[in-house]
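Starting from 1, each residue takes its place in the sequence as its number.
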Amino acid sequence: MRARTKARKRALDILFESEARGDDPLAVLEQRRETDDAPPVSDYAGMLVEGVVAHRERIDQLLSEHAEGWSVARMPAVDRTLLRIGVFELLWVDEIDDPVAITEAVELARTLSTDDSPRFLNGVLGRIADIAEHLRASR
């Protein structure tokens, strides 16, 4: 597994755990950085967690607008978290190409979520990627 793929998986773990427990994601991130009991948190994983937290309101708004027939709250938790990471990478991480952000999210969904999840994530992220230039210009 490539370093950034591992970082995305680690960010997913931290964001998923914090949501499931009702904990502050930044506090969970800090705990994971300070412990030797879990895999290390790379700088990229930390940046993903921090970015999703910083932009969560806007990310969730975009997900609500582009996930046809799904509210953010109704999405499976893994899918919701992968979508948040994917949207963050699409709109705020300039060094990641849009197709890479989408492919990485879809591949993680393929191994970690339901059979329908890869197609769902690809559709939602694809719709957002179609307007990403406009969204980036208005941020």
Q. Taking atom CZ of Arg119 as the centre, does the number of heavy atoms from other residues, nucleotides or ligands within less than 6.0 Å exceed 12?
A. no
Q) Do other residues, nucleotides or ligands put more than 12 heavy atoms under 6.0 Å from the CD atom of Glu57? A) no
Q | Arg10 side chain vs Pro39 backbone, donor-acceptor pair below 3.5 Å | A | yes
**Q.** Atom of Ile102, atom of Asn122 and distance for their closest heavy-atom approach
**A.** CG2-OD1, 3.3 Å
Q) Can you tell me how far the CE atom of Met75 sits from the OG atom of Ser117, to the nearest 0.5 Å? A) 11.0 Å
Q: Go through Thr81 and Val78 one step at a time and tell me if the side chain to side chain contact (heavy atoms under 4.5 Å, CB included) criterion holds.
A: CA-CA 5 Å; Thr81 304; Val78 170; 5.9 Å; no
Q. Is Arg8 reaching over with its side chain to a backbone N or O of Arg4, donor-acceptor style, under 3.5 angstrom?
A. yes
Q: Measure the shortest side-chain to side-chain distance between Met47 and Phe88 over non-hydrogen atoms and say whether it is less than 4.5 angstrom.
A: yes
Q | Polar side-chain atom of Ser18 near backbone of Leu15 as donor-acceptor pair, under 3.5 Å | A | yes
Q) To the nearest 0.5 Å, how far apart are OG1 in Thr114 and CG in Asp79? A) 5.5 Å
Q) Taking atom CZ of Arg74 as the centre, does the number of heavy atoms from other residues, nucleotides or ligands within less than 6.0 Å exceed 12? A) yes
Q. Can any side-chain N or O of Asp97 pair as donor or acceptor with the backbone N or O of Pro99 at less than 3.5 Å?
A. no
Could you list the donor-acceptor pairs under 3.5 angstrom formed by side chains in residues 130-137, with sequence neighbours left out?
{"from": "Glu133", "atom 1": "OE2", "to": "Arg136", "atom 2": "NH1", "distance (Å)": "3.1"}
{"from": "Arg136", "atom 1": "NE", "to": "Leu90", "atom 2": "O", "distance (Å)": "3.3"}
{"from": "Arg136", "atom 1": "NH1", "to": "Ala132", "atom 2": "O", "distance (Å)": "3.3"}
{"from": "Arg136", "atom 1": "NH2", "to": "Leu90", "atom 2": "O", "distance (Å)": "3.0"}
{"from": "Arg136", "atom 1": "NH2", "to": "Asp98", "atom 2": "OD1", "distance (Å)": "2.7"}
{"from": "Arg136", "atom 1": "NH2", "to": "Asp98", "atom 2": "OD2", "distance (Å)": "3.1"}

Q | Heavy-atom side-chain contact between Arg58 and Gln61 under 4.5 Å | A | yes
Q: Look at Glu107 together with Arg2 and state whether they make a salt bridge at an N to O cut-off of under 4.0 Å.
A: no
Q | Minimum side-chain heavy-atom gap Glu89-Val100 below 4.5 Å | A | no
Q.
Please report the interatomic distance CG(Leu29) to CD1(Ile14), rounded to the nearest 0.5 Å.
A. 5.0 Å
Q: Working to the nearest 0.5 Å, report the span between CG of Leu48 and CG of Leu12.
A: 10.5 Å
Q) Do the rings of Trp92 and His55 sit parallel, tilted or perpendicular, given the 30° and 60° boundaries? A) parallel
(Q) Working note: Phe16 + Leu112, criterion side chain to side chain contact (heavy atoms under 4.5 Å, CB included); need CA distance, chi angles, decisive distance, verdict. (A) CA-CA 12 Å; Phe16 181 87; Leu112 300 171; over 6 Å; no
(Q) Using only atom types and a distance under 3.5 Å, with no angle test, would you say the side chain of Arg84 pairs donor to acceptor with the backbone of Leu63? (A) no
Q) So do Leu82 and Phe120 actually touch side chain to side chain, heavy atoms under 4.5 Å? A) no
Q: Taking all heavy atoms of Leu125 and all of Ala105, pick out the closest pair and write down the distance.
A: CD1-CB, 3.6 Å
(Q) Let me confirm one number: the CD-CG distance from Gln31 to Leu26, rounded to the nearest 0.5 Å. (A) 11.0 Å
(Q) Quick check for you: to the nearest 0.5 Å, what is the distance between Leu91 atom CG and Ile96 atom CD1? (A) 13.5 Å
Q | For Asp23, salt bridge (charged side-chain N to carboxylate O under 4.0 Å, His left out) partners two or more places apart | A | none
Q.
For Ala7 versus Ala45, what's the shortest heavy-atom pair and its separation?
A. O-CB, 3.4 Å
